[in-house]
Number of protein chains: 2
Amino acid sequence: MEKKQSQSVGRKPRADAQQNREKIIEAAKEAFRKSGANASLDDIAKQAGVGAGTLYRHFPSREELLKAVYHTAVQKLADAGQKFSDTLSPLDALRAWMLLFVDYIAEKQIIASALSALAEDPKKTFEASYAQIWETIRSLVRRAIETGDIREDLDPIDLLRALIGVASISTSPDWQESAKRLVDILITGSQSDK
Amino acid sequence: MEKKQSQSVGRKPRADAQQNREKIIEAAKEAFRKSGANASLDDIAKQAGVGAGTLYRHFPSREELLKAVYHTAVQKLADAGQKFSDTLSPLDALRAWMLLFVDYIAEKQIIASALSALAEDPKKTFEASYAQIWETIRSLVRRAIETGDIREDLDPIDLLRALIGVASISTSPDWQESAKRLVDILITGSQSDK
DNA sequence: TCATTAAACGGAGGATATCTCCGTTTAATA
DNA sequence: TATTAAACGGAGATATCCTCCGTTTAATGA
């Protein structure tokens, strides 16, 4: 027998595949934000500069695409937490991350409710992401407590709850502004007494 | 001028219109349950035995139809509360209603998340229904307290929370059974000490 | 009971969206 | 550079949405 199947296990994945995947997710994020969760998939493909076939190969269903957008957002949030930790003071890092979290909630609203409607098991879909976010803020807060910038008795979940709460009320269209002001208040209120 | 517009304000609405409306809601309820919130509207019309035009005249959008299904369910729940009050002992009435509430949650899950995804303002969409349900259980519990069947310090909302909680966990497909067993436990636990 | 009429009906069909199929292109490999 | 398997694109088959308008029918009053 000669070479047969060179080494079918070991061929690098094509670079364009991954790129296209990312372009599609980016276009989808925009489209969902602008047109809601029912945005045309063909349009998203067009916007991303790929054929419909490519979109459907990567994401066989709308649900898959929504999940991908969602998980990408969560991943970015976690990555940003790490980056802020590495480059900013503990307090500034926490503040910066909380501001980012506000944007994230805005993005999430539409995606999350669409996913709840479509997903086989919404619970399972979100579990991993909850954990990731939780871990990120926990780490940011711990760091700020260790340097004495933040009160020892601060429970990180209180911060998340406050932000999510504001977003949930979201009665006026300027809730994002209000949420950002809240971040300052929370940061101030969370600092050590001295 | 002669008769002109007989009395354009005072002509009875046609009986078939209301009937068709109800047939459509019934068919939609089934379809959403079986095929999810994206069930084909043309199919629903067919199933209800009406033309597509009729469906769209009654419910110009999917959202309108979902709302109608939802509100109908809530209304039935409230009506049943009244009926149980009139025909059963306070304790049996409360038990019967809680069992019905379990079925309602099952129905609601898919509708509610679809509505959250579609509705202009989900909050507003649900507010009235919350109030209606709240009022119903409050009345059932008060009645049972007055006859001494239920402990005076029982807060009705605890019962709702417990049931909704079970439904939200809903990890296994037999959660409805589990919820029904819970009803018995709750009823027993809520009775007066003597 | 019957003529009148406005309301309601039905469903064909145009517009739009979904999703597949397959011939073509291209990145990896030797 | 030749080979090849993976990835691509987009035409078009299928499905769904939704409107338009000719037809039917329930209410009314003579």
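In what follows, every chain begins at residue 1, and chains take the letters A, B, ... in the order their sequences are listed. Values below: every heavy atom of this structure, side chains too, minus hydrogens, waters and symmetry copies. Note that the structure is a prediction, hence the values are computed from the model and not measured.
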Take A/V50 and A/D42, find for each the nucleotide of DNA chain D with the closest heavy atom, and name the residue whose nucleotide sits nearer the 5' end.
A/V50

Could you check how far CD of A/Q19 sits from C1' of D/dC8, rounded to whole Å?
13 Å

Whether the A/D79 and A/Q75 side chains hold a donor-acceptor pair (N or O, under 3.5 Å, no angle test) is what I'd like checked.
yes

Respond yes when some side-chain nitrogen or oxygen of A/S40 is under 4.0 Å from OP1 or OP2 of C/dT18, and no when none is.
yes

Is there, by distance only and without an angle test, a donor paired with an acceptor across the side chain of B/R14 and the base of C/dA7 below 3.5 Å?
yes

Indicate yes or no: does B/R33 engage B/E30 in a salt bridge with an N to O separation below 4.0 Å.
yes

Between C/dC9, D/dA27, C/dT29, spot the one nearest the side chain of B/A17, thanks.
C/dC9

Take atom CG of A/L118 and atom P of C/dT18, then tell me their distance rounded to the nearest Å.
12 Å

So, under a plain 3.5 Å distance rule, would you say the side chain of A/R62 forms a donor-acceptor pair with the base of C/dT18?
no

Would you say A/H58 places a side-chain N or O within less than 4.0 Å of OP1 or OP2 belonging to D/dC8?
yes

Taking atom P of C/dT18 as reference, at what distance in whole Å does atom CG of A/N38 sit?
8 Å

Once you round it to whole Å, what is the distance between P of D/dT16 and CG of B/L65?
16 Å

Examine distances only and state if a side-chain atom of B/S139 and a backbone atom of B/E135 form a donor-acceptor pair shorter than 3.5 Å.
no

Can you say whether a donor on the side chain of B/N20 sits under 3.5 Å from an acceptor on the base of C/dC9, or the other way round?
no

Will you find, in the side chains of B/S40 and B/D42, an N or O donor that is under 3.5 Å from an N or O acceptor?
no

So does B/R95 pair up with B/D184, basic N to acidic O under 4.0 Å?
yes

For A/L55 and D/dG9, what is the distance between atoms CG and P respectively, to the nearest whole Å?
11 Å

Using OP1 and OP2 only, check whether a side-chain N or O of B/T54 sits under 4.0 Å from C/dG10.
yes

If we ignore hydrogens and angles and just use 3.5 Å, is the side chain of A/S190 paired with the main-chain N or O of A/I150 as donor and acceptor?
no

So is B/K108 actually on top of B/F126's ring, under 6.0 Å and inside 45° of the axis?
yes

Here's a test of your reading of the structure: between B/S61 and B/A15, which maps to the more 5' nucleotide of DNA chain D?
B/S61

Specify the separation, in whole Å, of atom NZ of A/K23 and atom P of D/dA7.
15 Å

Report yes if the side chains of A/L65 and A/R62 come closer than 4.5 Å at any heavy-atom pair, otherwise no.
no

Determine the contact category for B/D16: base if any of its heavy atoms lies under 4.0 Å from a base atom, sugar-phosphate if only primed atoms, P, OP1 or OP2 are that close, otherwise nothing.
sugar-phosphate

Under 3.5 Å, which N/O atoms of the protein pair with N/O atoms of nucleotides 19-23 of chain D?
none

Rounded to the nearest angstrom, tell me the gap between atom CD in B/Q18 and atom P in C/dA7.
17 Å

Taking atom P of C/dC19 as reference, at what distance in whole Å does atom CG of A/D43 sit?
14 Å

